[in-house]
Amino acid sequence: MTEKEKNDKIINLAVRKGFFWKSFELYGGSSGFWDYGPLGSIIKKKILDEWMRFYRIKEGFLEVDTPTINLDKVFVASGHIENFVDIIVKCDNCKEEYRADHLLNDLGIDIEGTDLNKYEELIERNNIRCPVCGGKLGRCQRFNLMFETSIGVDRNNRSGYLRPETAQGIFINFLRLSRLARTLPFGVVQIGKAYRNEISPRQGIIRLREFTIAEAEIFIDPNEDGLSIDKVADYVVNLFPRDYNREIRITIKEAIDNKIIRNKFVAYNIAIANMFLTRIGIPNEKIRFRQHKKDEMAHYASDCWDAEIKTDKYGWIEVAGIADRGDYDLRSHSIESDQELYIFKPFDKPIKVKKNVIKPNMDIIGPMFKDKSPLILEKLKKGEGIIKDGDLHLKIGDEDIIIKNGAYSIEETDEEVHGEKIVPHVVEPSYGIDRILYSLLESSYREEPLENGEMRVVLGFKAFMSPIDVAVFPLLPKKELIEKSKEVTELLKSYNLYVFYDDNGSIGRRYRRQDEAGTPFCVTIDFDTLDDDKVTVRDRDTMKQERIKISDLGEFLEDLIEQSKSTP
RNA sequence: GCGCUGGUAGUGUAGUGGUUAUCACUGGAGCUUGCCAAGCUCCAAACCCGGGUUCAAUUCCCGGUCAGCGCACCA
């Protein structure tokens, strides 16, 4: 079986069994959008539940749920309006499209920003022609990868964008969240949809225009990490550092000590990511963490490690990124919103500081500067203003204000300082849930020859991750057996199990159907059951059967499902 | 976005300018069947969308769309 054939089979199975399928099929479909069907919805939810268990329960992070549409200002601040843009130029002759910055870079010209005139001017001045046909290049166009929308009835009202990541919803709530957390470090998580208007999404469910991400923003004190890595010190991960050209297996502690991973929080979260992925059933040997090359990094990141999963079809695919965003986001929003975003960190003991404070004499300044004087007062309070040659110099807009000696005085004060303002740094683990789901499906897929020469297709999910917990069959479609089977079905539902009842076709066919769906257990009711109250429990992986008393059945299955959580 | 190739039941396919579009698997009803896709009967289910040419288009032409591949893109 080639890799392509295997992939085709998996997609085929996923569609047939109701894991996922293309959206809008009724109207011809649209690239980059996929629906989750009944089984896919459940497994996606189970992945998210497990993710939340890791981050909200175990790490103790706060959860938020913010709008998918954000005001344009949010993305002005975040840099997405500016940087989440490609400048495209099209050949007038052959209609081939290029990224203008790439054409310029090829000539060694570095250009930043999104000023179209600048691009067109440079292209013209350097006489850049179409690399394919030599034709003349047309006007430059801006292509932003965010979906734009307008808010409210009036089209000119306020412009908004569908978020390309959930992170901004956390950053802009920083002040409220930091008050709730009360101490650094703290983390905030959000799961939700994000949107990117990909130019040409391919690769099925791997590249989507609307997708689900699970993100944690961990706010840390840049001067004092306050993190113990004891829990993960000896945990071994597969690292692919930027300056190596190979993978290394190494403990977290070694990776930190040898400065392979600079940031302790990043290192810690690499371990958590590895634990999470293996927990839901991705084989450890198919996971690695690859450090981004310098030019590969997003505009906000100073370091980034991708969690990658080895797939048969697509090779190593990125399923999570663990980025060191520094203080980029909080500073940007601080500037854009004109609000200070910081945490006040008290000293152990207040310290006394002698300070020279400029005291303006408003009796003079007031009449002299009239309506500008309130602004002057405000600026002086902020500590702006330089004393040069005995005069006080101050800038208001473009204007230089000079306040003569005598219109102000300098006083020495003793000030008690109780702490300092800190702009936290952010480490962000960000997971692409759809890709994880695909990887899980692919790595769970196997075909096994049976004794009779047939092949059986199995999705070998861990029992607790399987969409259907248990199937119940009457051995034969006889009235008594069907009745008993429905009783058993109801009993199992009372254990909060998702039960699938099936009395159609031969018993073997029904087992096959459940193997394809990944159902770990099948319960069969036969005529003996009516006498001894025992049922046959059949295990998906071993196909072994065991007789269990109906009164023990619920707990028996619960135990097996629980056990599957700790198996590798 | 560009180029090439393709699009027929849920899936995989055959075929056609003209009556009721082939087959298999799957699915459903029943018979049979005492634990791993058995057998029999019956049933359901499709020509990607729009326009053109034509008496007549699923078939030919054009456009769109989706898919695969190549280029480009993937912060």
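Here is how names work: the chains are called A, B, and so on, in the same order as the sequence lines, proteins then strands, and each is numbered from 1. Keep in mind that the numbers below use all heavy atoms, side chains included, and drop hydrogens, waters and symmetry copies.
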Which whole number of Å gives the distance between the P atom of B/U53 and that of B/C62?
15 Å
At under 4.0 Å between heavy atoms, how does the protein contact nucleotides 24-41 of chain B? Give one character per nucleotide, 5' to 3', with B, S or -.
--SSSS---BBBBBS---
Donor on one side chain, acceptor on other, A/Thr212 and A/Lys44, under 3.5 Å:
yes
If you define the side chain from C-beta out and look only at heavy atoms, does anything of A/Arg540 sit under 4.5 Å from A/Gln514?
no
Between A/Thr311 (side chain) and A/Ser439 (backbone), is there a donor-acceptor pair under 3.5 Å?
no
For the C1' atoms, the ones on B/U11 and on B/C69, what distance do you get once it is rounded to whole angstrom?
23 Å
Between B/U13 and B/A56, how far apart are the C1' atoms? Round to whole Å, please.
27 Å
Quick one: A/Ile205 CD1 to B/G68 P, roughly how many Å, whole number?
13 Å
Whole-Å C1' distance, B/G15 and B/A24
16 Å
Say we look at B/U20 and B/A45: how far apart would their P atoms be, to the nearest angstrom?
16 Å
State the NZ-CD1 distance between A/Lys22 and A/Ile11, to the nearest 0.5 angstrom.
11.5 Å
If you find the nucleotide of RNA chain B closest to A/Lys22 and the one closest to A/Glu198, which residue's nucleotide is nearer the 5' end?
A/Lys22
P atoms of B/A57 and B/C48, separation to the nearest Å:
15 Å
Rounded off to whole Å, could you give me the CZ-to-P distance for the A/Arg209 and B/U65 pair?
11 Å
Checking all strands, does A/Pro164 fall into the base, sugar-phosphate, or nothing category for heavy-atom contacts under 4.0 angstrom?
base
Re B/G12: Watson-Crick or G-U wobble partner, both distances kept under 3.5 Å, found to be B/C23
Side chains of A/Asp526 and A/Thr529 only: does a donor on one sit below 3.5 Å from an acceptor on the other?
yes
Whole angstrom is fine here: how far is it from CD1 in A/Ile206 over to C1' in B/A67?
16 Å
Provide the Watson-Crick or G-U wobble partner of B/G63, both distances under 3.5 Å; none if there is no partner.
B/C49
Whole-angstrom distance between B/U22 and B/C49, as gauged at atom C1'
25 Å
Looking only at atom C1', what distance separates B/G52 and B/G17, rounded to whole Å?
15 Å
G-U wobble or Watson-Crick pairing nucleotide for B/C35 (cut-off 3.5 Å, both distances):
none
If pairing means Watson-Crick or G-U wobble with both distances under 3.5 Å, then the partner of B/G18 is B/C55
Run the ring pair (Phe, Tyr, Trp, His ring centres under 6.0 Å) test against A/His80 and tell me which residues pass, sequence neighbours left out.
A/Phe75, A/Phe84, A/His299
What does B/A72 pair with, Watson-Crick or G-U, if both distances are under 3.5 Å?
none
Which heavy atom in A/Pro474 sits nearest to a heavy atom in A/Tyr501, and how many Å separate them?
CG-OH, 3.6 Å
Nearest-Å distance for atom pair CD/P, residues A/Glu25 and B/G7:
18 Å
For the pair A/Thr524 (side chain) and A/Phe473 (backbone), establish whether a donor and an acceptor sit closer than 3.5 Å, ignoring hydrogens and angles.
no
Expressed in angstrom and rounded to an integer, what is the separation of A/Lys313 atom NZ from B/A67 atom C1'?
11 Å
What is the distance, rounded to the nearest whole Å, between atom CZ of A/Arg207 and atom C1' of B/G1?
12 Å
Measure CH2/A/Trp21 against P/B/G10 and give the value in whole Å, please.
13 Å
Does B/C40 have a Watson-Crick or wobble partner in any strand here, with both distances under 3.5 angstrom, and which is it?
B/G30
Interatomic distance where CH2 belongs to A/Trp34 and C1' belongs to B/C66 [whole Å]:
11 Å
Using distance alone, with no hydrogens and no angle criterion, decide if A/Glu165 and A/Ser430 have a side-chain donor and acceptor under 3.5 Å apart.
no
